[in-house]
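Order of the sequence lines fixes the chain letters, A, B, ..., with proteins taken first and strands second; residue numbering starts at 1 for each chain.
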Amino acid sequence: MLNVVVVDDSLIMRRSISRIVIELGHKVVAEAINGLGAIRCCEDYTPDLITMDITMPDMDGITAVKEIRKINKYVKIIMITSHGQENMVKDAIRSGASGYLLKPIAEDKFFQTLDKVFPEMKILREKMEVILDSKEDSDLTIDDD
Amino acid sequence: MSFKLKAVLVFLGISFLPYIVTMLLFGNSFRQEQHKTITKEMKTQLNLTVERIDQHLFTLRNDMAFIAKSELMNDIYTQDLDRRISTMLLAKKNDLKMVGDFYVIDQNNNIVASSDFFSISQKGRGKAFFSVPILSSFSQQPIAKLIVTYPFENFKPFFSNSPERHYYIHHRNVTIDLRSSIFKESLKVSRNLQIKPDLMIVLEVEKSFAYQLLYKYERWFVLLLITGALFIIAAAYYVAKELIYPVVILSNTVKKITETQDYKQKVSVVRDDEIGDLSDAFNTMVSSIDKALKEKEDSIKEQIRLLNIIMGTGAGTWELNVQTGELHLNEEWANMLGYTLEELSPISFSTWENLSHPDDIVHSNEILKRHLGGELNYDEYEIRMRHKEGHWVWIYTSGSVVVRSKNGSPLWLAGVQLDISERKHAEEVIRESEMRYRALLDNANQCFLSFSADMILLHNCSAKCFEIFGSDIAGKHVAELLFPSDEKERAVFIEDLRSLIGDGDSLRVDNILSLLCNEFIIGKKVISAEYKMIGEESFMIILTDITEQIALEKNIAKEKKRLRMIVSAVENKNELFEILDEYKEFMKRRVEMVNKDKTALQNISNIYQSVHTFKGLFAQEEFITTPLGLHKLETKLSNFLSEGEITNEQLSTVLQKVELENWLQKDLSVLTQALGEDFFNQNNIIAINTERIDEIKKNISFKLEGEGVEEDKKEQILAEIEKLKHASIKELLSMYPRVVEKLSQKLSKSVYPMKIIGGEDIYLTDNCVLFIQSLGHVFRNCVDHGIENLEDRFISGKNDIATVSCVVRDAENGIEIVIADDGCGIDTEKVIEKAIQSRTYTKEEIALMSRDDIVRMIFHDNFSTADEVTDCSGRGIGMTAVKTEIEKLGGNVSVETKSGVGTTFIFFLPNANIRISV
């Protein structure tokens, strides 16, 4: 389970991202409405993942990524973007963001991006699936007996 | 023990050690002497200081005694004694500046006078005391004591000329430190002050000060010592260099040469003296030995090398006498073709010619000729020769003229020959694989651009690339190809790609690649691009021409729109018809809607609202052309609204001109085409031509194929269309809620919107149509006769809004349609009255009837309980018709009514009228 911080100036976006995060079995530890809040959340909660909007008042997402990278090398940051912001996303990724998601955010897209950003999590899940499958098989043979 | 070590030891023994020992002894005695002198001087100076302090204290005491003896002191209880003493002390100021405070105590130790009472009461802290007895001038007996205190700081001036010293003053148990710095080691010089045994001054002199002078001498001494030592070492070095070192080198070199037998080594001593001569002579000797050895070795090496070359390459050698055709070959030459030399003999030029491939020999002879003519430096070519086993072997041969006759014409040619079949084979394989690869690329229908950091395209482009770019793109700059006009985009593109080189973080690389522009328009083609990074430094862009695909998608989208419109029309046909009716009305009246009495703006805003509503409605019905047209009209109107400069006449013209009819016709024709003319003609009951339905189904199912529509949804659409063949009861009844609503409005009665409950999946045979139509009478009766007016409902305590319900439910061997209202019920009295009045039954007959029978009288011909005939009901034929119809179908009708509560009609339809499958 990942500890996630959701950063977006729009309440609706925050709600919808939070809902997806929770549905995927992770935990939203904090929400922030701009880059400054994101940095504070990063210090206070040491999250595993931050979803970061690009355009926000006071401090935008790219500056926030740069600042966060100064204090925390390990947290993964996914940029939330819309069409036409490709160049800004490139900047963000060079500054240390780990991935990006295009609005509107769909659960399956979020899931795939998480797999890319946390490859170890994907491996773990696949292992678990194998274990679960084999367990089901063995259950069947027991039933036959 | 080596020569070197010995030399060092001897040197140390004879010079260095004695020097050090002597110097140290001398230094030490000098040091002690100095120490003594300094200590003595210090002590003398200290004693002088102590002497001075003694003197002062003595004077002080004498003065104090004088004051005590003065007559003034006799009256010690006089009040101003303290002032008097102060005055006397002031008079002696110069001598007595050491005095701090004073006080006088009498025989009973009471203080009778003091300079500062408060300070005195704190006596004994850091102060010295002199007490002088005050004697009575009569009896010469002491009557009191004058005690003087003074701070020890006052002693400081005595020591001021020796700043480095350190003083203590001991007074009984109190020690006062007069300097802040404390040193652990000190010279102590002390002396009891004779005046008072309990006062002692101790003076300490810091040792370090004493030794400071000494250190100065010591520094000079150490410097001298080191200089001397260095001089001795330098001398030793010189001796070693001049004498020992060359000898050691010489002996080492000799030893090395003996061990390694390497005569290239030399003694590197260059000197003018005898030692230089010795090393020169030695070097000359060694190098002459080396030279001799080397010459011998080189000649052997050269021989071995030549042999190795020939053996190692497995080359055949040949020598040809151009004049005689005499040919010498070696064993390898013969082996190359599977022969031994013996098998080939006798060997001549014709042997060679016979073995060569006839096609190649012309070429080879040509080369030979040109070589002999001096045109070519080498006689060099590739040729096929026949192997002993029959196949051809590729041979490379190279040679040149080695011997010439005296007049300069070539005589002997010599050369080597190599089997290059394998190389030829490999070349063949590569050529083939490249052709296959190219064929693959050319047929891939994609363009592969590969390049590295310089952005210049590599040569392997597929045929598709040529098609896309219209020219050969190998060697061109990739960014210039993809962004022919946009310099800025191009720069960004290049920078993005370059930033990825050597990045190594695959996640970041993937992210950036996925963000690059992935659709280009080149010429008139739409090209999609996919980026890949190959290794750490190269890129590949896969371009696909998606022009046709996009065109196809557009067509599919259009077709989908059409289908959606048809499906929607079928699904919501009733709403659609209603909308169409209203819209047609709107079209007809649109010019009239421009009211001359109102301003143009008011008119526009009226019409604007209608247009907006219709736009929304038609869009909801998935119409294609009409919503677009209405949107244009809406925009136009809204422009008028904002500009505000239009007259009613102009508005009329605009509305007149607008092609509302055409747009609608276009959409309707789509529907007509798909669903048939009948679709619009039958308003209530639909049954579309079966063949047409099948056609639509086929069409839709084909179009939906592979369109990403989920299977469920598809099934649903198809089933919906299937249902069109026959209408379910629910659909057949679906016109009645509107009938009820309209009638209730007309009669100013409020009725909850009626819902048909049940009957979705029940399909009736075609002969039921008349019956369903006749049910209108029942609903009209319910609203008109059944439901009371508002006042009556209020009086009987019912809900203001009445309910008419229609339920279709399963029954034994058939279904039942139950139509009920919560009105006043059937008034049996009125029925009987009416029956008698119309002479249907006599009073006697009625008396015999059950209540049910009486109620059923309403189904008789010409019967109506209403007093007046309205335009909707009341003529009395209605209920009869219903009864007739249901009985035709083998069913029946029953009525349940309760005065004041409501009436329920139950129509039973036997199974025979129900389709088992659609």
Side-chain angles (χ1 to χ4, degrees), chain A residues 2 48-55 60-62 64-66 68-69 72-124, chain B residues 453 455 478-479 482-483 485-522 526-533 536-537 539-543 546 550 553 557 707-713:
Chain A
L2 301 171
D48 306 302
L49 173 71
I50 300 175
T51 73
M52 179 84 71
D53 192 20
I54 287 197
T55 47
D60 64 44
I62 297 167
V65 169
K66 284 176 190 160
I68 287 173
R69 276 293 171 254
N72 188 337
K73 276 189 211 161
Y74 304 107
V75 62
K76 305 280 182 188
I77 304 172
I78 294 182
M79 307 306 292
I80 306 293
T81 71
S82 31
H83 279 291
Q85 294 183 321
E86 282 79 0
N87 283 335
M88 287 199 248
V89 179
K90 280 184 236 165
D91 270 1
I93 281 169
R94 294 206 184 96
S95 308
S98 318
Y100 67 96
L101 269 170
L102 275 175
K103 291 181 197 170
I105 313 286
E107 196 173 312
D108 54 342
K109 272 199 294 175
F110 200 105
F111 186 73
Q112 285 159 12
T113 309
L114 281 188
D115 272 357
K116 271 191 215 159
V117 176
F118 295 95
E120 65 278 15
M121 204 167 76
K122 188 183 175 191
I123 295 167
L124 200 70
Chain B
M455 304 281 152
V478 67
L482 294 177
F483 303 96
S485 51
D486 194 339
E487 293 245 348
K488 205 172 141 200
E489 279 282 334
R490 197 189 303 166
V492 170
F493 179 78
I494 293 172
E495 194 191 317
D496 284 343
L497 285 183
R498 291 220 167 120
S499 76
L500 296 177
I501 293 169
D503 186 303
D505 183 338
S506 67
L507 186 61
R508 183 159 52 231
V509 171
D510 282 356
N511 274 326
I512 301 260
L513 284 182
S514 72
L515 282 165
L516 295 172
C517 180
N518 57 9
E519 219 171 278
F520 299 95
I521 293 179
I522 296 168
V526 186
I527 307 292
S528 83
E530 194 184 329
Y531 299 83
K532 284 210 165 78
M533 193 142 187
E536 290 248 308
E537 288 181 353
F539 300 93
M540 178 178 266
I541 307 182
I542 302 165
L543 298 179
I546 55 167
I550 283 183
E553 270 169 18
E707 273 301 305
V709 178
E710 299 101 54
E711 206 59 30
D712 292 357
K713 178 81 183 160

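- In this structure, A/Lys90 and B/Asp496 have side chains that are in contact, with non-hydrogen atoms separated by less than 4.5 Å.
- Proximity of A/Arg94 to B/Ile512: side-chain heavy atoms (C-beta onward) are separated by under 4.5 Å at one or more points.
- For the residue pair B/Leu507 and A/Val117, the shortest heavy atom distance occurs at CD2-CA, 4.1 Å.
- The environment of A/Glu107 atom CD is dense: over 12 non-hydrogen atoms of other residues, nucleotides or ligands sit within 6.0 angstrom.
- For B/Ser499, the part sitting under 4.5 Å from any heavy atom of chain A is the side chain, from C-beta outward, and nothing else.
- Distance check: A/Ile78 CD1 to B/Asn511 CG gives 9.0 Å after rounding to the nearest 0.5 Å.
- Interface remark: of the candidates A/Ser98, A/Gly96, A/Pro119, A/Ser98 forms the most heavy-atom pairs closer than 4.5 Å to chain B.
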